[in-house]
Novice: 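Have a look at the structure that comes next, please.
When a ligand or atom number is given, it counts from 1 through the structure's own listing order.
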Amino acid sequence: MKFKTSAVHASHFEDLNAGSVVNPLYLSTTYERDKEGNLAPRGYVYSRLDNPNRSGLEVKLAVLEKGAEAMAFSSGMAAAMAICHTLLMPGAHVIISDDCYHGVGHLVKTMYTRWGITYSEVDMINSQNVEQAITANTKLIMVETPSNPLLKIIDIEAICGLVKNKNIAVACDNTWATPYIIQPLTLGADFVFHSSTKYFGGHSDVIGGCVIVKEKNDHSQKLREYQMIGGAVPSPFDCWLLDRSIATLPLRITAQTESAAVIAAYLNDHPKIDRVYYPGLTSHPNHKVAKRQMKEIYGGMLSVLVKGGKKEAMDFANHLSIFKHATSLGGVESLIEHRKSVEGDHPKSADNLLRLSVGIEHIDDLLNDIKKALE
Ligand SMILES: *Cc1c(COP(=O)(O)O)cnc(C)c1O
């Protein structure tokens, strides 16, 4: 089935009791056994281990990412941690991108170093940088594209090509692109993880995460064990909300991309804006890779450098009324966030970077909001 159809139907389980068209919500923490004490026919025991809403959501996630199996977690960070915890032993080396989500960077750079795990932080735009960072102990490469907040485009296929026949896993944080735009497992990645809080949730009302594996093997079993025993699991209601929201993911992201492209082009020509970071602009340094990898759907996220400094950037953000000044992304409502001390291809001291998450409001209203705020 096509993506849009699976996004609606892939999680459905038959409700023998009432014939409900929508998956019913199972809040029960425990499930009755048969007279001999064996598991109930569907295999549910206790809700941390599994429950109908979580398994329905996981089937949908696996189908959409073209993976063998999915595990839902209580947050994106719990999902990232599940991958690290099950793959890395003391002495292992991890390669992360120099522009990855700060929480993932913090996890690897601060928390895992306590356990004798080392890391390299590299600019992955050029896959040679990744190749040079590989050591005999490298076990994991974490890729995130478009990156946060500079929207760097990393060639997933090229990175996966580097580790063929080596015992190194590639995990892609696919939160920003979503499987509607990029399916990293089909490009050679071993794992995909998400903050489901963002585009999957889409309505800024649920925190969640997930890991999707390319194949079922010893490691996928370890991940499942980590999910059940580690206990960072989402509630049945959070799974139900995510399942419902993912049904409209293709529609939302299409609308968000359309508006983001218009806004990026407008800001790109605006005299008060120094630079726009959006992979759909032909001026984006890796536009060519983006065009191939993102199938010309460039997503609803962009960043801008406002001319001047922090004051000018904050003035712009604070004069918007439809765009709310808040963190997070991927929701139906437009958000803007000031990001400070960004490293990368512009000065570290730059305090004039704003990141925009474009929602599904009417483009005329969004453009007017921006026009007025810049005046
Ligand atoms: C938000 C985010 C995370 C962390 O997810 P939580 O759900 O907040 O734990 C990880 N990666 C990216 C790209 C994110 O945007």
Novice: Under the side chain to side chain donor-acceptor pair (under 3.5 Å) criterion, do Thr138 and His93 qualify, and how do the steps go?
Specialist: CA-CA 4 Å; Thr138 304; His93 173 251; 2.7 Å; yes

Novice: Ligand 1 and Ile207, any nitrogen or oxygen pair closer than 3.5 angstrom?
Specialist: no

Novice: Taking 4.0 angstrom as the limit and counting only heavy atoms of Glu144, give me the atoms of ligand 1 inside it, by number and element.
Specialist: 13 (C)

Novice: For atom 9 (O) of ligand 1, which protein heavy atom lies nearest, and how many Å away is it?
Specialist: Met77 N, 2.9 Å

Novice: Return the closest protein heavy atom for atom 13 (C) of ligand 1 as residue, atom name and distance.
Specialist: Asp173 OD2, 3.3 Å

Novice: Would you say the side-chain atoms of Tyr44 and Ser55 include a donor-acceptor pair closer than 3.5 Å?
Specialist: yes

Novice: Just which atoms of ligand 1 are under 4.0 Å from any heavy atom in Gly208?
Specialist: 7 (O)

Novice: Once the angle between the rings of Tyr298 and Tyr278 is folded into 0 to 90°, is it parallel (under 30°), tilted (30 to 60°) or perpendicular (over 60°)?
Specialist: perpendicular

Novice: Can you tell me if Ser328 has a non-hydrogen atom under 4.0 Å from ligand 1?
Specialist: no

Novice: Can you sort out which atoms of ligand 1 are near Trp176, meaning under 4.0 Å from one of its heavy atoms?
Specialist: 13 (C), 15 (O)

Novice: Applying side-chain contact (heavy atoms from CB on, under 4.5 Å) between His362 and each of Ile360, Leu366, Asp364, report the one that passes.
Specialist: Asp364

Novice: Is the backbone N or O of Gly201 less than 3.5 Å from a side-chain atom of His203, with the two atoms forming a donor-acceptor pair by type?
Specialist: yes

Novice: Determine, stepwise, if the pair Asp218 / Lys222 fulfils salt bridge (charged side-chain N to carboxylate O under 4.0 Å, His left out).
Specialist: CA-CA 6 Å; Asp218 285 355; Lys222 274 195 202 160; over 6 Å; no

Novice: Looking only at N/O atoms, are Asn148 and ligand 1 under 3.5 Å apart anywhere?
Specialist: no

Novice: Suppose we call two aromatic rings close when their centres sit under 6.0 Å apart. Are His325 and Phe316 close by that rule?
Specialist: no

Novice: Does the pair Tyr199 and Met301 meet the rule for a side chain to side chain contact (heavy atoms under 4.5 Å, CB included), with working shown?
Specialist: CA-CA 11 Å; Tyr199 283 101; Met301 298 298 300; 3.4 Å; yes

Novice: Would you mind checking which non-hydrogen protein atom is closest to atom 4 (C) of ligand 1, with the distance to 0.1 Å?
Specialist: Tyr101 CE2, 3.3 Å

Novice: I want to know if ligand 1 touches Leu329 in the polar sense, i.e. an N/O pair below 3.5 angstrom.
Specialist: no

Novice: Give the numbers and elements of all ligand 1 atoms closer than 4.0 Å to a heavy atom of Gly76.
Specialist: 5 (O), 6 (P), 7 (O), 9 (O)

Novice: Between Ser195 and ligand 1, is there a nitrogen or oxygen pair with a distance under 3.5 Å?
Specialist: yes

Novice: Can you report which non-hydrogen protein atom sits closest to atom 2 (C) of ligand 1, along with the distance?
Specialist: Lys198 NZ, 2.5 Å

Novice: Let's go through Glu121 and Lys109 carefully: what are the C-alpha distance in whole Å and the side-chain angles of both, what is the deciding distance for salt bridge (charged side-chain N to carboxylate O under 4.0 Å, His left out) to 0.1 Å, and is it a yes or a no?
Specialist: CA-CA 9 Å; Glu121 203 176 6; Lys109 292 193 279 189; 3.0 Å; yes

